Student: 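Dumping the structure here so I can ask a few things about it.
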Amino acid sequence: MSVVFASIGMSLDGYIAGPNAGPGNALGDGGHRIHEWALDLDGVEEDQGHEDADEHVVREIRLRAGAYVMGRWMFDEGGAGRPDPPPFRAPAFVLTHHAREPWTRRRGAPFTFVTGGVTTAVEQARDAARDKDVQVVGGATTVQQCLEAGVLDELQIHLAPVLLGSGVRLFDRVTAGGRRFDTTRVIGSRGVTHLRYRVSDT
Ligand SMILES: NC(=O)c1ccc[n+]([C@@H]2O[C@H](COP(=O)([O-])OP(=O)(O)OC[C@H]3O[C@@H](n4cnc5c(N)ncnc54)[C@H](OP(=O)(O)O)[C@@H]3O)[C@@H](O)[C@H]2O)c1
């Protein structure tokens, strides 16, 4: 059975994007600093030669993802908005309130728009992923809904040692005490700590 996991970068003070996030300012003011550790890791899954902790984590995530779930905002900024090569190389299921036809970039896998809510999107992604796992890409509202609906098996947080002061919080609107988190791995480098939790009912 596929594992449904979220993988998301976060600042030390709990933000996944800085203030004033919007079109043209995807990660908000200063939010790019959350991902500075990953800047040179784009083609990392093809490089089997050497591997530090950050490369290991990124490669592992890319190889295990057989389908993606994301919010429409994330699709606009991280899917349709990104040039080739496509960052998402497996079928993606995009949450939206507005039904539309599937979209496929020139090279790459289809994006299917789901109006039935997060549980439906995860079910469709599980079918598409076959024996691989389902990655919940974000943004914040999508991860929050997966947690609240109880469909998330694993949460990975890539904690960057930066303070953003304000912005988009990962855990807004999540019921305190609703989920149990067991730490299953902590590894890191100078620029980031990779935290992995198994998520279950309390
Ligand atoms: N740090 C990281 O690793 C990371 C990763 C991903 C994103 N981010 C940041 O997160 C921010 C975006 O987060 P977000 O939470 O605003 O965006 P999001 O989750 O990507 O998208 C929100 C949109 O998804 C649709 N949606 C969500 N839940 C739905 C539901 N139950 N039913 C139908 N449609 C639903 C709605 O689209 P419609 O308006 O089309 O109905 C909603 O406006 C950005 O600043 C982005 O840069 C950071």
Side-chain angles (χ1 to χ4, degrees), residues 4-39 41-42 54 57-58 60-62 65 67-82 86-88 92-103 111-125 134-152 154-175 188 191-197:
V4 180
F5 73 101
S7 166
I8 198 146
M10 191 174 84
S11 68
L12 209 49
D13 50 351
Y15 297 99
I16 66 153
N20 304 314
N25 189 22
L27 283 167
D29 300 346
H32 64 281
R33 295 162 64 216
I34 296 172
H35 295 308
E36 262 168 5
W37 62 272
L39 283 182
L41 300 181
D42 256 7
D54 296 341
V57 169
V58 170
E60 185 183 65
I61 289 168
R62 289 186 182 165
Y68 302 99
V69 171
M70 66 183 72
R72 196 263 309 158
W73 207 100
M74 186 66 210
F75 164 75
D76 287 346
E77 295 294 330
R82 291 272 291 271
F88 303 109
F93 296 85
V94 182
L95 285 167
T96 179
H97 295 94
H98 308 284
R100 55 191 273 195
E101 291 300 309
W103 179 84
F111 291 78
T112 300
F113 298 90
V114 180
T115 55
V118 73
T119 306
T120 304
V122 168
E123 275 169 13
Q124 292 187 15
V134 172
Q135 181 180 353
V136 177
V137 183
T141 56
T142 302
V143 175
Q144 288 156 10
Q145 291 177 72
C146 287
L147 275 171
E148 286 291 277
V151 295
L152 204 63
E154 179 185 313
L155 174 64
Q156 295 198 28
I157 293 178
H158 312 289
L159 191 67
V162 299
L163 298 177
L164 294 180
S166 62
V168 181
R169 279 196 183 279
L170 180 56
F171 294 114
D172 266 353
R173 295 182 292 273
V174 176
T175 311
V192 64
T193 305
H194 305 282
L195 304 165
R196 192 174 69 185
Y197 303 95

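Just so it is clear, the structure is predicted and the values come from calculations on it, not from any experiment. One-based numbering, in listed order, for ligands and for the atoms of each.
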Student: Distance only, no hydrogens: is a donor on one side chain within 3.5 Å (strictly under) of an acceptor on the other, for S7 and H158?
Tutor: yes
Student: Is a side-chain N or O of Q135 found less than 3.5 angstrom from the main chain of V4, in a donor-acceptor match?
Tutor: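 No; judged by distance alone, with no hydrogens or angles, the pair does not exist.
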Student: Under a 4.5 Å cut-off applied to non-hydrogen side-chain atoms, are Q124 and V114 in contact?
Tutor: yes
Student: When the aromatic ring centroids of F111 and F75 are compared, is their separation below 6.0 Å?
Tutor: yes
Student: Select all protein residues for which some heavy-atom-to-ligand 1 distance is less than 4.0 Å, and list them by chain and number.
Tutor: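 Within the 4.0 Å shell of ligand 1, which is judged on heavy atoms, sit I8, G9, I16, A17, A21, A26, L27, H35, G71, R72, W73, M74, L95, T96, H97, H98, V137, G138, G139, A140, T141, T142, Q145.
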Student: Check the pair L27 / H35 against side-chain contact (heavy atoms from CB on, under 4.5 Å), numbers first and verdict last.
Tutor: CA-CA 10 Å; L27 283 167; H35 295 308; 3.5 Å; yes
Student: What residues, two or more places apart in sequence or in another chain, satisfy ring-ring contact (aromatic ring centres under 6.0 Å, His included) together with F5?
Tutor: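 In terms of ring-ring contact (aromatic ring centres under 6.0 Å, His included), with neighbours along the sequence ignored, F5 is linked to no residue.
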